[in-house]
*Asks:* 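Quick one: structure below, then a few questions.
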Amino acid sequence: MYLELQQQLIQRVRDLLQRQYDVELPRIVVDQPPKVGLGEYALPLSFELAKKLRKPPRKIAEEIVAALGEVPGFEKFEVAGAGYINGRLDRQVAARMVLSPERSTKTGSAAGKKILVEHTSINPNKAAHVGHLRNSILGDTFVRLLQAAGAKVDVQNYIDNTGVQVADVVVGFLYLEKKGKSEIEALIADSGPPPRSFDYYCWDLYARVSQWYEESKDNLKLRLQTLHDIEKGGNEAAEIGKLISNAIIRRHLETMERLGIEYDFLPQESEILHLHFWELAFEQLKQKGVLYFETEGKNKGCWVMKRAGSKAAAEGTEGPDEDAKVIVRSNNTVTYVGKDIAYHLWKFGLLGKDFGYQRFYHYPGGRQVWISAESGEADHPHFGGVNAIYNVIDSRQEDPQNNVIEALRGMGYAEQADNQHHFSYAFVVLTPRCAEELGYELSAEDKERPFIEISGRKGFGVKADDLIDALIAAAQKEVDTRHPEMSESERRGVATQIAIGALRYFMLKFTKGSVIAFDFKEALSFEGETGPYAQYAIVRATNIFRKTGQSAEEILGSETDLRFLKEDDELWELWLRAGQLSNMVEQCISTAEPAYAAKYAFQLAQQFNNFYHQHHILTETDEARKGFLLATAAVVRRALIESLALMGIEAPPVM
RNA sequence: GAGCCCGUAGCUCAGUUGGACAGAGCAUCUGCCUUCUAAGCAGAGGGUCGCAGGUUCAAAUCCUGCCGGGCUCGCCA
């Protein structure tokens, strides 16, 4: 509602400025007045025009208001303050729009686009931890937002199954534990749910191997040898690597499934290597002059790419560019960035080659996950060839991400370069208190630090499944005392919804750029600005309808007397905010910031709770007013459910 | 050395295309459960928006410098 009327208003003002003053503003800024009593839209454009037109802002505002005339949906416009133009909606007309369900998926900015979101991408060598949860929850929420705006989204989880991290665990099994392939297979078959799971086992083994490397140089040689074997394929190390990787991927999928996070495709590095993606990309890069062979200086014998912001690129100085990025080493092997360029050419459908596809896992809800394979199944969906890409990767990888984007630009794919987004976020750390609670011994130096970095190598971090379990246990304790009449499985179900609500909200309430200092006390909180707070508001609304015997949906469909909105600013604010849902979605997408969804849901819940205490609906004697209050609850309830759904949070039946 | 991010209430954070008096949660204190269940509501205290300049009708927001914290920058992966 709000967004459509805003767009209409902007168009109207733009036309008027053109006609009346022959001016064009690059942007018509629209704010909201500090209080809803002043109107719903505030235009500060008179201030901007004052200099251009050499008239006082108030005068301009008055002229514009006079010239605007009638605008559909609006009651009137007025000049406020030093020259604001405030637009006041016709509340009844606007409320009627709010009552009818919003169809943002058809009109959203992403409507009709095919977008690829890559998230999770955890090294398949150990259990997922809180840091990974932030990535997956941010990514999954952004997927839901894009879908709400009408996009067709492919969700990918990139698997670096031939990297050094997998090699380390292979080394651990082969040389520390002296286990062969069949023993590892037995171990996997014998493993259970966490903490008896294979990914937990590898978590500890990985930490032990990392320590073992420090004992001797020979151990490090084994690591390098194993890594090369895995990359090459066709040997025991490679087979064990695949075995480990596959088992761990399954565990990661299970962990994420607990949070309602699903994927479409798992592209693996092994196929990028073995299907020779790089060779094709290399040809293109050479042909288009993005790469050149360095004959002098420190990069002699390498194929290098100029960096976008480098001095040499800007000044075109003579001699070797020492700042250039090496893509192919002098020993003819390709770097990580090189492989990533090839992979991104594939994503945009510019490589001229595709993966093979194999079924990997079928979600109970019906979705199918595919995994890359050298020779796949004949019948498969096609991934890649998208309009835009969002790579959910933490901010430390900004450099390589930019290198890939610049390579695309250099190859003449300017549009694709503009549409490849590094969805960057800051990592999760642990507070020193949290680290101590986990039983880690902190050095004196660590204790002085404001936070402790999570480290898989040190085996230091909060595992995702442990955290989810702790949250469920905490929620279950409450549910058990509140609802002794419910069955064990029902209580478990509600506790799980609450736990997931708490976790997902916690990961989303911070803006992407701020480092989350993880702390059990805060994460386990169900009060205040949390997911359960918003869930509880929905349960309260649902309870009202349960008692009336009329469902919220029925109320939304029936006639409602909206005249009560005229006088009551607080009630109108609820309707207004409910009507701003699609506005919020667009804001989240244009700024790539899901935290706005969290803020929206919380504020709406807060307003609803306020309303809930002020107006006792069931005892209202005026039938018309009672109907209107019920409609208010129904409209807010729906907006709350939808906004939580965007974050992957469900509304429990009771709390 | 270069680049990026951050610095707002005791703590954790919003305030993102400059806009009307700087907000929320937690913590502290005071009230409210025979109510549509209090995972809630109402109220109180708490601020040199890191510092200093500048641009602007208007700066927490933009620019410059400085201070403090973090990250990145390899023929490693």
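Worth knowing before you read on, the calculation uses all heavy atoms, side chains too, and leaves out hydrogens, waters and symmetry mates. Each chain gets a letter, A, B and so on, in the order its sequence line appears, and its residues count up from 1.
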*Asks:* Given B/A20, is OP1 or OP2 found less than 4.0 Å from the side-chain N or O atoms of A/Q32?
*Replies:*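 False: A/Q32 side-chain N/O out of range (4.0 Å or more) of B/A20 OP1/OP2.
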*Asks:* Any idea if B/C33 is syn or anti, going by the 90°-from-0 cut?
*Replies:*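 What B/C33 shows is a syn base, its glycosidic angle lying within 90° of 0.
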*Asks:* Looking at residues at least two apart in the chain, or sitting in another chain, which of them share a salt bridge (Lys or Arg N to Asp or Glu O under 4.0 Å) with A/E63?
*Replies:*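 A/E63: salt bridge (Lys or Arg N to Asp or Glu O under 4.0 Å) contacts with A/K55, A/K59.
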*Asks:* Take atom CZ of A/F520 and atom P of B/C11, then tell me their distance rounded to the nearest Å.
*Replies:*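 Roughly 23 Å, once rounded to whole Å.
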*Asks:* Take A/C302 and A/P34, find for each the nucleotide of RNA chain B with the closest heavy atom, and name the residue whose nucleotide sits nearer the 5' end.
*Replies:*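 Closest to the 5' end, via its nearest nucleotide, is A/P34.
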*Asks:* Counting side-chain heavy atoms from C-beta on, which of B/C75, B/C71, B/A42 comes nearest to A/N610?
*Replies:*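 So the side chain of A/N610 is nearest to B/A42.
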*Asks:* Tell me, do A/N583 and A/E586 make a side-chain contact under 4.5 Å, heavy atoms counted?
*Replies:*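 No, their side chains stay 4.5 Å or more apart.
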*Asks:* Could you encode protein contacts along nucleotides 31-40 of chain B as a string, one character per nucleotide from 5' to 3', using B for base contact, S for sugar-phosphate-only contact and - for no contact, with a heavy-atom cut-off of under 4.0 Å?
*Replies:* ----SBBSBS
*Asks:* Between B/A77, B/U16, B/U72, which nucleotide gets closest to the side-chain atoms of A/R396?
*Replies:*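 Comparing B/A77, B/U16, B/U72 against the side chain of A/R396, the answer is B/U72.
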*Asks:* Rounded off to whole Å, could you give me the CD-to-C1' distance for the A/E406 and B/C73 pair?
*Replies:*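 Checked: the CD to C1' distance equals 16 Å.
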*Asks:* Could you name each residue pair satisfying salt bridge (charged side-chain N to carboxylate O under 4.0 Å, His left out) that touches residues 521-546 of chain A, not counting sequence neighbours?
*Replies:*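 Counting only pairs at least two positions apart or across chains, the salt bridge (charged side-chain N to carboxylate O under 4.0 Å, His left out) contacts touching residues 521-546 of chain A are A/E529-A/K599.
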*Asks:* Tell me every residue that passes side-chain hydrogen bond (donor to acceptor under 3.5 Å, both in side chains) with A/Y343, counting only those two or more places apart in sequence or in another chain.
*Replies:*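 Once residues adjacent in sequence are excluded, the partners of A/Y343 under the side-chain hydrogen bond (donor to acceptor under 3.5 Å, both in side chains) criterion are A/E118, A/Q156.
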*Asks:* Determine: side-chain N/O of A/N299 to OP1/OP2 of B/C75, distance under 4.0 Å, yes or no.
*Replies:*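 Affirmative; the distance criterion is met.
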*Asks:* Partners of A/D569 by salt bridge (Lys or Arg N to Asp or Glu O under 4.0 Å), sequence neighbours excluded?
*Replies:*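 Salt bridge (Lys or Arg N to Asp or Glu O under 4.0 Å) check on A/D569 returns A/R91.
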*Asks:* Suppose you measure atom C1' in B/G1 against the same atom in B/A27; what distance do you get, rounded to whole Å?
*Replies:*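 It comes out at 44 Å once rounded to the nearest Å.
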*Asks:* Quick one: salt bridge (charged side-chain N to carboxylate O under 4.0 Å, His left out) pairs with a partner in residues 161-170 of chain A, sequence neighbours left out?
*Replies:*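 Of all non-adjacent pairs touching residues 161-170 of chain A, those that pass salt bridge (charged side-chain N to carboxylate O under 4.0 Å, His left out) are A/D168-A/R223, A/D168-A/R457.
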*Asks:* Give the ring-plane orientation class for A/F611 versus A/H615, where under 30° counts as parallel, over 60° as perpendicular and anything between as tilted.
*Replies:*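 Tilted, since the angle between the ring planes falls between 30° and 60°.
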*Asks:* Who passes side-chain hydrogen bond (donor to acceptor under 3.5 Å, both in side chains) against A/E620, sequence neighbours left out?
*Replies:*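 Testing A/E620 for side-chain hydrogen bond (donor to acceptor under 3.5 Å, both in side chains), a comparison that skips the adjacent residues, returns none.
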*Asks:* Fit a plane to each ring of A/Y533 and A/F602, take the angle between them on a 0 to 90° scale, and name the class: parallel (under 30°), tilted (30 to 60°) or perpendicular (over 60°).
*Replies:*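 Ring orientation of A/Y533 relative to A/F602: tilted.
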*Asks:* To the nearest angstrom, how far is A/E529 atom CD from B/C41 atom P?
*Replies:*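 So the CD-P distance, A/E529 to B/C41, works out to 12 Å.
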*Asks:* Mind checking the C1' distance from B/A44 to B/U48? Whole angstroms is fine.
*Replies:*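 Nearest-Å result for B/A44 against B/U48 at atom C1': 24 Å.
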*Asks:* Under a 4.0 Å heavy-atom cut-off, which of residues 39-50 of chain A touch RNA chain B?
*Replies:*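 Contacts with RNA chain B under 4.0 Å: A/A42, A/P44, A/F47.
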*Asks:* Taking N and O atoms by type only, does the side chain of A/N86 place a donor or acceptor under 3.5 Å from a partner on the base of B/A20?
*Replies:*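 Yes.
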*Asks:* Using a cut-off of under 3.5 Å, enumerate the N/O to N/O pairs linking the protein to nucleotides 2-6 of chain B.
*Replies:*
none

*Asks:* Please identify each residue that fulfils side-chain hydrogen bond (donor to acceptor under 3.5 Å, both in side chains) with A/Q497, with sequence neighbours left out.
*Replies:*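 A/Q497 satisfies side-chain hydrogen bond (donor to acceptor under 3.5 Å, both in side chains) with A/E650 only.
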*Asks:* Can you work out whether A/I516 or A/K339 has the more 5'-proximal nearest nucleotide on RNA chain B?
*Replies:*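 Nearest nucleotide further toward 5': that of A/I516.
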*Asks:* Please identify each residue that fulfils side-chain hydrogen bond (donor to acceptor under 3.5 Å, both in side chains) with A/E485, with sequence neighbours left out.
*Replies:*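 So A/E485 forms a side-chain hydrogen bond (donor to acceptor under 3.5 Å, both in side chains) with A/H483.
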*Asks:* Just the rounded figure in Å: distance from C1' of B/G25 to CZ of A/F506.
*Replies:*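 Checked: the CZ to C1' distance equals 12 Å.
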*Asks:* Rounded to the nearest Å, what distance is computed from the CD atom of residue A/Q603 to the C1' atom of nucleotide B/G15?
*Replies:*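 Going from CD in A/Q603 over to C1' in B/G15 covers 10 Å.
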*Asks:* Measure the distance from OH on A/Y425 to P on B/G70 and round it to the nearest whole Å.
*Replies:*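 Whole-Å distance recorded here is 20 Å.
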*Asks:* Taking only residues two or more places apart in sequence, or in another chain, which ones meet A/D519 in a salt bridge (Lys or Arg N to Asp or Glu O under 4.0 Å)?
*Replies:*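 Checked A/D519 against salt bridge (Lys or Arg N to Asp or Glu O under 4.0 Å); matches are A/R433.
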*Asks:* Does B/U12 have a Watson-Crick or wobble mate here (both distances under 3.5 Å), and if so which one?
*Replies:*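 Matched B/U12 with B/A24 under the 3.5 Å cut-off.
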*Asks:* With rounding to the closest Å, how many angstrom separate the P atoms on B/C6 and B/C75?
*Replies:*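 These two P atoms come out 29 Å apart once rounded.
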